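The shown structure was predicted, so the numbers you read here are calculated from the model rather than taken from an experiment. For this chain, numbers begin at 1 and follow the sequence in order.
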Amino acid sequence: EHAQGLPAAFFRPEHLGVAGDDLQEPEGVRAHGVLRRRRGDLALFYLKKNSDTDCRPVLRVSSDEGLTWSAPRQIVPDAETGYYILCNAHAMMTKSGRILLPLSVYRHPASADGMSLCWYSDDDGETWSAPRTIANGPLDDRDAGIVELADGTILLNWFTSVAFAEYDDPSLKKYKEHFASLPAETVRRELGYWTARSTDGGRTWEPKVRCPAQLPHGVTVLKGGRLLYVGKRDWQKTFKGVLPADENRDALLCVESTD
C-alpha cells in the first residue's frame, strides 16, 4: 500500500540494484521501504548490517524516479548503535508530512533485551528526533508495524517473544538465565501481541493493548474507520508450562476493532 504513486519503471529488475555497494554483500542489507517525499523525490529506507551488534537503518534519495540514488545517510547515530529491525514497507509518511520509522533494537539479534521504538522526521528525513520508546518489557519486544488511522491517530503493533530461550548459543547465556528467573505469571502477562496508540504524531504513546492476532504487516484501515487485522494466532511455543498446548496456535485469524 505504500507503493502508491511510485513510477512503474522503478519496479523493473534492472533498477532494483541501484542502491549501491551495500547490495554487493548478501548479508549486508535487510528490509526496505520506499515512499515519496513532500518535495516529490523518492526515499529508500533499508537496514545496513555491519556486524551482529550493529545493524542500522539508512536513507537514500532519488530525484530521477529511481534511476540513480544518493549516498546512504545514517539515521541512527553512533551513540545509539544496536541491532535494529525495520519490517518491510514500514517507513510511513503521515497526512501532515511527518515520516515515522518504527524500529526494534537489540544488543544481539537473538537476545532478550529487544525494545520497540519510533523515530520521526518533520523535514523529509534530513534530521531525526530522538527515539521514542514504546515497549521495553522483560521479554523481547520486536517487529513493529505502523498505520495512520482516519483521524490521524498512529497505531503501532508488535509482539513479545521468548524464542531466545531455545537458541543453542553460548553468547545468549545471560538471556537464558534472565528468562529462567522470570516468574511464570510475568511471562503469561507479558507474552503476546500488542498495539499502542499515539494521538500526537508519535511523540507520546498510550498504554499497550493486547491483540489476539499478529503479523508485522499491521492493521488495515477500512472505509468508515473500522480496523481489520489478519494475522496468526499465538504461535509461541510452550515454555515452562506457562502457555497452554494448542494444536491450532498457527491458525490464521481475522479480527476487527471499531474503537
Side-chain angles (χ1 to χ4, degrees), residues 30-31 47 49 51-56 76 80-87 90 102-119 130-146 155-198 204-219 229 231-253 255:
R30 306 288 177 91
L47 294 168
K49 180 181 176 181
S51 71
D52 281 344
T53 57
D54 183 359
C55 182
R56 286 179 281 169
V76 176
E80 300 285 345
T81 296
Y83 196 96
Y84 286 80
I85 298 296
L86 171 65
C87 292
H90 279 319
L103 297 165
S104 300
V105 61
Y106 320 86
R107 300 301 165 225
H108 185 287
S111 71
D113 60 359
M115 56 182 173
S116 291
L117 313 169
C118 190
W119 298 66
R132 267 50 178 184
T133 301
I134 301 161
N136 187 17
L139 305 182
D140 178 8
D141 297 282
R142 62 181 301 144
D143 290 10
I146 197 168
L155 183 67
L156 194 98
N157 62 278
W158 74 97
F159 70 91
T160 53
S161 172
V162 291
F164 59 86
E166 67 175 356
Y167 280 90
D168 185 19
D169 185 339
S171 68
L172 297 179
K173 179 181 178 181
K174 68 176 181 178
Y175 301 117
K176 292 175 180 288
E177 292 173 347
H178 162 75
F179 175 71
S181 71
L182 293 175
E185 178 55 35
T186 297
V187 178
R188 269 195 299 268
R189 184 182 66 247
E190 296 293 333
L191 190 63
Y193 307 144
W194 306 94
T195 62
R197 297 165 18 118
S198 172
T204 61
W205 294 84
E206 297 175 359
K208 65 184 180 182
V209 175
R210 187 179 289 276
C211 184
Q214 201 273 348
L215 277 179
H217 62 70
V219 175
Y229 198 176
K232 296 184 70 173
R233 191 177 180 181
D234 196 341
W235 51 265
Q236 302 281 359
K237 294 183 178 180
T238 301
F239 289 95
K240 297 174 64 174
V242 300
L243 291 177
D246 188 343
E247 294 181 358
N248 296 318
R249 66 183 176 215
D250 288 326
L252 193 65
L253 302 182
V255 299

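Heavy atoms only, all atoms of each residue included: Ala144 and Pro102 are closest at CB-CB, 4.0 Å. Taking each heavy atom of Gly114 and Asn136 in turn, the nearest pair found is O-OD1, 4.3 Å. When all heavy atoms are compared, the tightest approach of Ala196 to Trp205 is O-CZ3, 3.6 Å. Between Trp119 and Leu117, the shortest heavy-atom contact is NE1-CD1, 4.2 Å. Residues Arg189 and Arg210 approach most closely at O-NH2, 2.7 Å, considering heavy atoms.
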Intermediate values then yes/no, side chain to side chain contact (heavy atoms under 4.5 Å, CB included), Leu182 and Leu139: CA-CA 9 Å; Leu182 293 175; Leu139 305 182; 3.5 Å; yes
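Side-chain atoms of Thr160 come within 3.5 Å of backbone atoms of Gly192 as a donor-acceptor pair (strictly under, hydrogens ignored). Distance alone, capped at 3.5 Å, is enough to place a donor-acceptor pair between the His178 side chain and the Pro138 backbone.
In this structure, Leu103 CG and Leu47 CG are separated by 7.5 Å, a value rounded to the nearest 0.5 Å. To the nearest 0.5 Å, atom OG1 of residue Thr186 and atom CZ of residue Phe179 are 10.5 Å apart. The CZ atom of Phe159 sits 7.5 Å away from the CG atom of Asp140 when rounded to the nearest 0.5 Å. Here the CG atom belonging to Asp54 is positioned 10.5 Å from the OH atom belonging to Tyr83, to the nearest 0.5 angstrom. Note that OG of Ser198 and CD of Glu206 are 8.0 Å apart. Values are rounded to the nearest 0.5 Å. One finds the CG atom of Leu156 at 12.5 Å from the NZ atom of Lys208 (value rounded to the nearest 0.5 Å).
Exactly one of Met115, Arg56, Glu80 qualifies for a side chain to side chain contact (heavy atoms under 4.5 Å, CB included) with Val105. That residue is Met115. Exactly one residue among Ile146, Ile134, Asp143 makes a side chain to side chain contact (heavy atoms under 4.5 Å, CB included) with Trp158. That residue is Ile134.
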